[in-house]
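Worksheet: one structure, shown below.
Below, chain A is the first sequence line, B the second, and so on; all start at residue 1.
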Protein chains: 2
Amino acid sequence: MTNRIYNFSAGPAVLPRPVLQKAQAEMLDFEGCGMSVMELSHRTPIFDGIITRAENGLRKLMNIPADYAVLFLQGGASLQFAMIPMNLYLPGRPVDVVHTGAWTAKAIGELQKLAEYRPAASGEEDDFTRIPGRLVFNADASYVHIASNNTIRGTQWRAFPDTGDVPLVADMSSDILSRPIDVSQFGLIFAGAQKNIGPAGVTIVIIRKDLAERAAAGLPTMLDYRTHIAKRSLFNTPPTYGIYMVALVTEWLAAEGGLSAIESRNQRKAGLLYRAIDGTDFYHGPVALEDRSLMNVVFRINGGDAALEEKFAADAARAGLVNLKGHRSTGGIRASIYNAQPIEGVQALVDFMADFEQKYGQVQI
Amino acid sequence: MTNRIYNFSAGPAVLPRPVLQKAQAEMLDFEGCGMSVMELSHRTPIFDGIITRAENGLRKLMNIPADYAVLFLQGGASLQFAMIPMNLYLPGRPVDVVHTGAWTAKAIGELQKLAEYRPAASGEEDDFTRIPGRLVFNADASYVHIASNNTIRGTQWRAFPDTGDVPLVADMSSDILSRPIDVSQFGLIFAGAQKNIGPAGVTIVIIRKDLAERAAAGLPTMLDYRTHIAKRSLFNTPPTYGIYMVALVTEWLAAEGGLSAIESRNQRKAGLLYRAIDGTDFYHGPVALEDRSLMNVVFRINGGDAALEEKFAADAARAGLVNLKGHRSTGGIRASIYNAQPIEGVQALVDFMADFEQKYGQVQI
């Protein structure tokens with residue numbers, strides 16, 4: 001018997017149980033080949049089948065156009081914050097950045113080393129509780145950088161801006177595969193796998209291939225997208241097991257009905273939780289209604305009572321609802337409810353919230 | 001029933017069966033926490049316990065001095081070929097490189113983009129069948145670069161050169177943990193995990209900490225060793241599951257008796273195979289006796305009969321001995337017999353070689 005709990009971690013995060021079960025069953029012997037996936041050379045036809053499953057899985061789910069490459073890289077979004085300007089920045093044409101919190105701050109940190117940039121808008125004056133409304137894009141920008149979802153603040157872009165001929169670059173680490181998007185709106189999409197795609201250690205980059213040609217000659221080989229496009233992510237040994245897990249997750253998603261179906265489920269899950277928050281003054285969501293994330297639901301308890309929030313997270317963990325503590329930079333509570341979070345987990349949290357309010361709501365007010 | 005075979009892949013390669021069994025058993029529930037290791041946030045005490053196990057496992061096995069950091073990075077040796085000069089090259093002080101084949105060629109390729117370098121010696125004139133003997137090091141070199149084992153040519157440094165005050169940098173991707181070494185002889189050791197340490201997607205860097213201070217300010221954050229030293233490889237999400245596997249492999253190695261015991265076993269395994277090669281003219285090993293690798297045993301059949309070598313690899317695969325084909329750049333046969341290759345696998349190969357010679361040795365000569 002395994003003792004499974006509901007895991008609300010912001011990432012690495014819960015994975016679909018059938019995916020873990022399949023990985024477990026195949027651990028010592030992948031499809032009768034007598035080896036673990038971890039033991040397969042990346043140069044074998046067997047592994048080629050696996051990486052093809054992963055790539056095609058993503059292509060089908062996201063309807064990725066043929067002029068885009070799908071790359072399986074390493075180093076997380078953090079390395080992309082440097083690789084993107086190294087490859088896509090055109091000298092004299094600053095990058096426009098929409099600043100929505102910690103992740104765009106990190107992107108800006110690398111831009112300061114590698115390129116020129118301009119703030120297209122910043123959510124800082126609103127303490128990042130909303131996606132900025134007035135966006136000032138420049139037609140000569142090298143590209144526009146956004147993060148589609150902020151895991152810490154619990155904000156999410158509902159629709160994406162039209163940047164015309166300027167490529168839109170989106171960090172989708174925390175909401176990729178959670179809803180249908182139009183890939184052709186973007187020049188480059190990147191995402192660490194560890195929230196909605198698979199385990200940590202795989203970074204997905206979806207890039208319109210012509211943009212990779214912007215890079216100057218002389219970039220380190222591993223930091224040049226052309227290397228990985230030309231070799232289909234097999235220039236060197238890729239993170240083979242992680243890619244296998246991506247294949248399994250995409251196949252699970254397809255079996256669940258694809259991205260429209262998962263979006264509906266994500267809306268139901270988030271709706272359940274936001275209604276619980278909005279239905280009482282004991283709980284309070286700081287994010288502007290129209291920018292609330294379907295992936296990371298943040299809320300405060302009793303007007304931001306840190307001791308009570310601490311108790312909430314601790315009591316919830318004892319009840320099998322783990323990793324609900326908000327990010328250390330903001331405090332509060334954060335429930336990450338990615339694709340693999342079952343609705344039963346969200347319902348269990350909502351029930352726990354009602355119990356907790358009954359116990360502590362009166363005495364505190 | 002699982003259908004396990006003997007896997008002679010050069011990498012990713014065979015993993016210890018008890019390690020895979022433990023990973024399988026713990027897949028859905030790590031030590032009763034109710035989550036898979038893949039689902040654990042890297043910021044939790046549970047994962048901190050895992051990365052500490054992996055680090056301490058390496059420190060104990062290799063007797064790593066306290067002034068060295070042990071880092072768990074991503075990108076493989078291929079990214080290290082760029083990161084090392086980015087961090088350790090001192091302008092005006094060329095890097096000395098001992099060129100022993102494809103892997104030092106790749107290192108040189110990145111040095112050509114990022115630094116100045118000089119050949120300290122090259123095995124090219126001997127077609128890389130030996131480790132060069134006459135090494136010309138310069139006292140003002142930024143560092144000396146070597147690869148301790150060449151997977152393609154089947155050569156291995158038996159002892160390491162004394163480079164005095166010049167830091168010795170070694171690519172140990174294919175023989176780390178196969179024998180005791182004196183870490184204090186090196187300034188930096190790096191290794192992709194996928195041969196002797198764990199699955200692909202983790203790169204181990206063991207660096208004398210003072211050397212990291214050479215790097216200029218303004219390096220991209222992820223490419224600066226100081227980032228990872230300061231944050232104990234937790235600046236961003238590391239390849240968590242791979243690190244867990246590293247912990248398991250180091251614990252398996254310790255239980256097997258540590259590096260001296262595994263070295264003896266590796267010598268027995270390689271001895272068995274080299275005796276089979278040397279005991280007949282049908283098989284022939286091209287590598288100089290004193291530089292033969294204990295990890296990758298390369299040999300030719302019937303003076304380099306490509307069709308017969310092809311048949312050998314195909315027949316062996318049907319007999320459950322897989323991935324014996326030599327690298328495409330050299331042809332021939334290559335048996336990779338890393339730590340996790342059981343002696344039974346080597347014995348099965350030796351038996352197969354005898355059978356094969358009996359069938360095809362006479363007709364071809």
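Residue B/P85: no heavy atom, backbone or side chain, is found under 4.5 Å from chain A. Of the atoms belonging to B/Q112, not a single heavy atom falls under 4.5 Å from chain A. With a threshold of 4.5 angstrom between heavy atoms, B/A82 approaches chain A through side-chain atoms but not through N, CA, C or O. Looking at B/M83, neither its backbone nor its side chain comes within 4.5 Å of chain A, counting heavy atoms on both sides.
Of the listed residues (B/A13, B/P239, B/G11, B/A10), the greatest number of heavy-atom pairs within a distance under 4.5 Å of chain A belongs to B/A13. Per-residue heavy-atom pair counts under 4.5 Å with chain A were compared for B/L114, B/V322, B/L219, and the maximum is reached by B/L219. Your options are B/S9, B/G76, B/S78, B/G218, and the one with the most heavy-atom pairs under 4.5 Å with chain A is B/S78. Heavy-atom pairs under 4.5 Å with chain B peak, among A/F47, A/F81, A/Y241, at A/Y241. With chain A as the partner, the residue from B/M86, B/H42, B/M38, B/R43 showing the most heavy-atom pairs under 4.5 Å is B/M38.
Residues A/Q24 and B/A25 share a closest heavy-atom pair of NE2-O, 4.0 Å. Contact detail for A/P238 and B/A200: the closest heavy-atom pair is O-CB, 3.3 Å. Nearest heavy-atom pair across A/G75 and B/N236 is O-ND2, 3.2 Å. Of all the heavy atoms in A/I5 and B/C33, the pair that sits closest is CG1-O, 3.6 Å. In plain terms, the two heavy atoms of A/L28 and B/Q21 that are nearest each other are CD1-CG, 3.8 Å.
In terms of modelled atom types and a separation under 3.5 Å, the side chain of B/N7 and the main chain of A/L40 share no donor-acceptor contact. Side chain of B/E39 to backbone of A/L15: a donor-acceptor contact under 3.5 angstrom is found.
Between the CE atom of B/M222 and the CD atom of A/Q80 there is a distance of 10.0 Å, given to the nearest 0.5 Å.
Counting non-hydrogen atoms of other residues, nucleotides and ligands closer than 6.0 Å to NZ of B/K22 gives a total of 12 or fewer.
Inspection of the B/T221 and A/K106 side chains reveals no N or O donor paired with an N or O acceptor under 3.5 Å.
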Item to check | A/M35 and B/N323: CA distance, side-chain angles, deciding distance, side-chain contact (heavy atoms from CB on, under 4.5 Å) verdict | outcome: CA-CA 12 Å; A/M35 294 174 273; B/N323 295 319; 4.2 Å; yes
